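Just so it is clear, the structure is predicted and the values come from calculations on it, not from any experiment. We count residues from 1, following the sequence as given.
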Amino acid sequence: MTIHHTDVGAALTSGVSPRVRALVAEMTLDEKLAQLVGYWVDQGDEVVAPLSGEKITSAAYADATVHGLGHLTRVYGTRPVDPIERAEWLWGEQRRLKTETRLGIPAIVHEECLTGFAAWKAATFPTPLAWGASFDPDAVELMASAIGRSMRDLGVHQGLSPVLDVVRDPRWGRVDECIAEDPYVVGTIGTAYVRGLQGAGVHATLKHFVGYSGSRAGRNHAPVSAGPRELQDVFLPPFEMAVRDGGARSVMNAYVEIDGVPIASSPEIFTDLLRRRWGFDGTVVSDYFAVEFLRSMHGIAGSLGEAAQLALEAGIDVELPGPDAYPHLAERVASGALPEAVVDRAVARVLAEKEDLGLLDADFADAPTEIDLDEAEHRALAYRLALESAVLLHNDGVLPLAAPGRIAVIGPNADSAEALMGCYSFANHVLAHHPGVPLGFSLPTVRDALSARFGEVSYAVGCAVEGDDTSGFAEAVAVARDADVAIVVVGDRAGLFGRGTVGEGNDAESLDLPGVQRQLVEAVVATGTPVVLVLLTGRPYALGWALDGGSGPAAVLQAFFPGEEGGPALAALLAGDATPSGRLPVSLPRSAGAQPYSYLHPLLGGPSGVTSTDPTPVRPFGFGLSYTTFARGELRVDGVGGSNAASSGSGAEGAPDGGSGAASDLAADDVPGSGTVAEVRAGDAFTVSARVTNTGARHGADVVQVYAHRAVASVTRPVAQLIAYARVDLAPGESAEVRFTVPASRLAYSDRALRRVVEPGEVELRLGPSCAVVDEAVALRITGPTYELSGDDARVVEVEVRRG
């Protein structure tokens with residue numbers, strides 16, 4: 001693409017303060033380029049980023065900071081350092097930058113914070129897949145606020161979270177960092193995280209912009225085969241919500257290429273879309289080494305200087321983690337290949353961020369002298385999310401364990417603290433390189449928590465997470481035979497780049513449980529002792545063998561890396577002290593060969609008579625069982641402010657949350673409804689209401705889900721698409737009306753001209769416990785001319801719960 005530089009000075013005249021403009025005018029080129037890079041002070045040979053062992057930051061620290069510095073990289077999260085001692089060093093370093101550089105500009109300190117502040121002794125929360133399973137944006141916002149306060153108190157200004165990649169293939173190792181396979185769930189929960197973190201004074205960084213999770217065959221960094229419609233309708237909406245509705249202050253590029261164009265070199269993405277169309281005025285930072293990768297991995301630049309110019313012109317303001325390529329911009333400016341005004345544009349954005357963060361006036365006089373990074377509020381929030389996110393996949397009545405008798409606890413993850421945490425937890429990300437260093441906070445295992453709840457339990461490990469050693473099976477079988485119930489805890493071990501079964505760089509060719517864990521479960525089931533299978537994983541696995549057919553475990557409970565309070569939360573759920581309420585944020589796959597799969601598929605993306613393969617998941621998106629039952633009904637739709645209305649009548653009470661069998665895709669005429677049609681003009685909002693009642697004997701939470709089905713449109717549409725959801729807690733016998741005010745954007749898609757539009761026509765709205773089961777349905781007719789969305793259109797459904 002030809003780059004035009006006629007408007008590069010716009011950042012210095014629009015939205016930038018006079019102070020920033022004056023600073024940029026005063027700077028030398030060396031001082032400007034110093035603001036556009038980070039420095040990884042502690043980086044060594046520990047692999048905590050892709051190829052980091054081969055790409056040590058090139059410049060010496062003293063040389064790199066002579067003219068100032070843009071970012072300090074991972075001050076707390078690279079090795080185990082005492083937080084207070086490190087804060088004293090950091091405050092001193094910031095004072096040095098203020099007093100020993102000509103302009104006295106401090107550095108932005110950035111850190112990972114996906115499952116908590118990535119620092120030694122800091123709280124570890126559930127992984128993002130668990131956030132999605134909770135369907136609870138409010139809890140996620142509170143969690144992010146707590147994380148942000150810890151970071152702010154220790155001098156961190158920018159967090160490299162949340163990940164807004166929409167899950168497209170569970171074989172991808174970074175699925176455990178993602179929230180869901182539905183863009184709206186990703187967008188609402190991710191935006192809640194942004195609000196929480198930034199409300200605490202720490203800038204959020206949206207990752208990975210854009211398309212990263214669409215890598216071919218689920219392989220990390222692989223090319224992405226996504227057309228512009230998939231990009232607009234699936235990958236982009238969460239980012240747009242987080243920018244326009246959440247006010248996110250930073251964005252990070254994706255490593256991948258789409259149709260031959262590496263994202264890190266795309267002005268269409270970072271300048272035309274992000275800034276001009278969406279109005280983003282924050283900073284864009286590179287993913288670690290992404291600028292250099294334009295030369296070494298993508299092959300579109302012949303030198304580091306060319307790579308740097310491509311990235312800067314595209315709109316990447318800051319090179320992270322260190323000064324590998326951007327210092328070479330000096331020679332590009334000197335040769336006339338790059339106008340200095342392009343550099344000025346990025347420098348102005350970085351300085352504006354520092355001004356917004358208060359860094360230009362900070363004196364760094366007093367470092368903190370004490371801090372609790374795992375206080376009671378952290379643990380309460382971690383417990384809440386762990387409790388809300390566990391998904392009951394199957395239960396023949398063995399759960400809850402009211403009077404379990406003798407309990408056997410078996411499996412490689414039963415007594416493992418690391419198995420409760422995701423790839424970007426400090427323990428699995430950093431402490432794995434420091435054997436013998438304690439975690440620094442309490443992290444009870446599932447075995448610990450069950451012992452605390454029930455008293456003495458027998459234990460056998462059975463096998464490792466990986467490998468083919470079955471020598472421990474005999475002990476596990478013996479322990480199970482002597483018990484009244486066996487709780488078998490299996491799953492993943494998160495890590496990076498080959499160190500683990502899931503996590504960054506740990507992609508999978510198979511979706512079978514790693515190692516011989518399935519054989520262990522089957523051996524224990526064969527004893528005849530009732531088995532409760534507990535899964536601690538970072539991705540959904542192919543579990544049809546364990547769920548259906550009558551010869552598997554008596555119950556199956558799925559937890560996506562539930563964090564530091566995961567053990568106690570799972571024990572409470574197993575004991576019946578709490579009721580499972582998590583819902584699947586991703587489809588539970590039939591097999592690896594059925595991937596990539598998404599519930600958002602058109603008719604021909606599901607089972608049909610023209611193919612012998614069946615991609616239908618064994619449990620659908622939105623699925624989750626409970627210890628109580630819910631009745632959903634009285635589905636009604638109204639135009640906002642109008643009198644048009646349609647109702648499907650009252651729904652009958654059904655089986656608990658859709659039953660435990662596999663669900664099939666629904667045809668348009670397979671659902672109940674009255675035939676009455678409501679009307680709304682294209683572009684207008686409308687309301688959908690429904691009543692949910694807890695018809696069982698236990699307190700519980702239902703996730704009310706409303707899906708849309710459109711049989712005819714100008715382009716193919718998904719057989720079902722979530723348009724609204726609400727998590728509703730109900731006491732036994734309690735009822736609530738849930739009202740959704742639905743903006744037009746929830747029914748929009750890209751037409752043949754790639755305009756985001758709402759077309760006139762018939763839409764069926766479905767109420768149910770998952771994407772594949774319908775309790776009631778009602779028809780909606782969209783009238784008037786086709787409506788094209790603008791940036792002013794609302795993107796978020798308003799939810800009101802009226803009890804009684």
If the condition is side-chain hydrogen bond (donor to acceptor under 3.5 Å, both in side chains), which residues does Thr205 pass it with, not counting sequence neighbours?
Gln158

Please name all residues satisfying side-chain hydrogen bond (donor to acceptor under 3.5 Å, both in side chains) with Arg332, sequence neighbours left out, ordered by chain then number.
Gln309

For the rings on Trp278 and Phe239, is their centre-to-centre separation under 6.0 Å?
no

Tyr255 side chain to Asp287 side chain, donor-acceptor N/O pair below 3.5 angstrom
yes

Which of these passes salt bridge (Lys or Arg N to Asp or Glu O under 4.0 Å) with Asp281: Arg275, Arg345, Arg249?
Arg249

Could you tell me if Thr28 and Arg102 have a donor-acceptor pair between their side chains, going purely by distance under 3.5 Å?
no

Could you tell me whether the side chain of Thr101 and the main chain of Gly104 form a donor-acceptor pair under 3.5 Å?
yes

So how far is it from Glu418 CD to Ser425 OG, rounded to the nearest 0.5 Å?
8.5 Å

Is the shortest side-chain heavy-atom distance between Val202 and Glu111 below 4.5 Å?
no

Please confirm whether the backbone N or O of Leu373 pairs with a side-chain atom of Lys121, one donor and one acceptor, at under 3.5 Å?
no

N/O donor-acceptor pair under 3.5 Å between Asp324 side chain and Phe289 backbone
no

Of all residues at least two apart in sequence or in a different chain, which pass the salt bridge (charged side-chain N to carboxylate O under 4.0 Å, His left out) check with Glu340?
Lys32

Any donor-acceptor N/O pair, Gln198 side chain to Ala204 backbone, under 3.5 Å:
yes

For the side chain of Glu257 and the backbone of Pro223, is there at least one donor-acceptor N/O pair under 3.5 Å apart?
no

Test item: Tyr424 and Pro128 side chains (from C-beta on) under 4.5 Å apart, heavy atoms
no

Less than 4.5 Å apart, side chain to side chain, heavy atoms only: is that true for Asn253 and Phe209?
no

Testing the 3.5 Å rule here: is there a donor-acceptor pair between the side chains of Thr283 and His203?
no

Value for OG (Ser266) from CD1 (Ile258), rounded to nearest 0.5 Å, stands at 8.0 Å

For a 4.5 angstrom cut-off between non-hydrogen side-chain atoms, does Arg277 reach Glu240?
no

Flag, side chain of Thr191 to backbone of Gly187, donor-acceptor distance under 3.5 Å
yes

Locate the shortest heavy-atom distance separating Ile147 from Leu197; write the atom from each residue and the value.
CG2-CD1, 4.3 Å

Taking the side chain as C-beta and beyond, is there a heavy-atom pair between Leu206 and Ser250 under 4.5 Å?
no

Would a distance-only check, ignoring hydrogens and angles, find a side-chain to backbone donor-acceptor pair under 3.5 Å from Lys354 to Pro106?
yes

Parallel, tilted or perpendicular: which describes the rings of Trp89 and Tyr61, with under 30° parallel and over 60° perpendicular?
tilted

Kindly indicate, with the supporting measurements, whether the criterion side chain to side chain contact (heavy atoms under 4.5 Å, CB included) is fulfilled by Leu312 and Leu36.
CA-CA 10 Å; Leu312 188 71; Leu36 304 186; 4.3 Å; yes

Quick check: closest heavy atoms across Ala427 and Met421, and the distance to 0.1 Å?
CB-CE, 3.3 Å

Does the side chain of Tyr326 reach to within under 4.5 Å of the side chain of Leu33, using non-hydrogen atoms?
no

Using the six-membered ring wherever Trp is involved, compare the ring planes of Trp91 and Phe364 and label them parallel, tilted or perpendicular (cut-offs 30° and 60°).
perpendicular

Name all residues meeting the side-chain hydrogen bond (donor to acceptor under 3.5 Å, both in side chains) criterion together with Glu377; count only those two or more places apart in sequence or in a different chain, and write none if there are none.
Arg149

Set of salt bridge (charged side-chain N to carboxylate O under 4.0 Å, His left out) partners for Glu353, sequence neighbours left out:
none

Atom of Ser265, atom of Ala314 and distance for their closest heavy-atom approach
C-CB, 3.5 Å

For the CG atom of Leu338 and the CD atom of Glu331, what is their distance to the nearest 0.5 Å?
11.0 Å

Is Arg195 salt-bridged to Asp245, cutoff N-O under 4.0 Å?
no

Could you state the interatomic distance from CD (Glu375) to CG (Leu381), rounded to the nearest 0.5 Å?
9.5 Å

Nearest-0.5 Å distance, NE2 of residue His328 to OG of residue Ser303:
8.0 Å

I'd like to know whether Trp131 forms a ring-ring contact (aromatic ring centres under 6.0 Å, His included) with Phe125, so could you lay out the CA-CA distance, the side-chain angles of the two residues, the decisive distance to 0.1 Å, and finally the verdict.
CA-CA 10 Å; Trp131 312 350; Phe125 294 91; 9.1 Å; no

Test Phe270 against every option in Val210, Ile316, Asp317 by the side chain to side chain contact (heavy atoms under 4.5 Å, CB included) rule and name the one that passes.
Ile316

Kindly indicate, with the supporting measurements, whether the criterion side chain to side chain contact (heavy atoms under 4.5 Å, CB included) is fulfilled by Tyr212 and Asn220.
CA-CA 8 Å; Tyr212 192 18; Asn220 201 36; 2.7 Å; yes

Heavy-atom pair of closest approach, residues Ala264 and Ala290:
CB-O, 4.4 Å

Check whether any side-chain N or O of Arg21 sits under 3.5 Å from a backbone N or O of Val16 as a donor-acceptor pair, and report yes or no.
yes

How far does CD of Glu26 sit from CD of Glu31, to the nearest 0.5 angstrom?
7.5 Å

Quick one: does any side-chain atom of Gln35 pair with a main-chain N or O of Val350 as donor and acceptor, under 3.5 Å?
no

Leu439 versus Thr124: any side-chain heavy-atom pair under 4.5 Å?
no

For Glu177 and Arg174, indicate whether the former's side chain and the latter's backbone hold a donor-acceptor pair under 3.5 Å.
no

SB check Lys207 Glu112 (cutoff 4.0 Å):
yes

Are Leu304 and Arg295 packed together at the side-chain level, in the sense that at least one heavy-atom pair is separated by less than 4.5 angstrom?
yes

Using side-chain hydrogen bond (donor to acceptor under 3.5 Å, both in side chains) as the criterion, list what pairs up with His110, not counting sequence neighbours.
His71, Tyr288

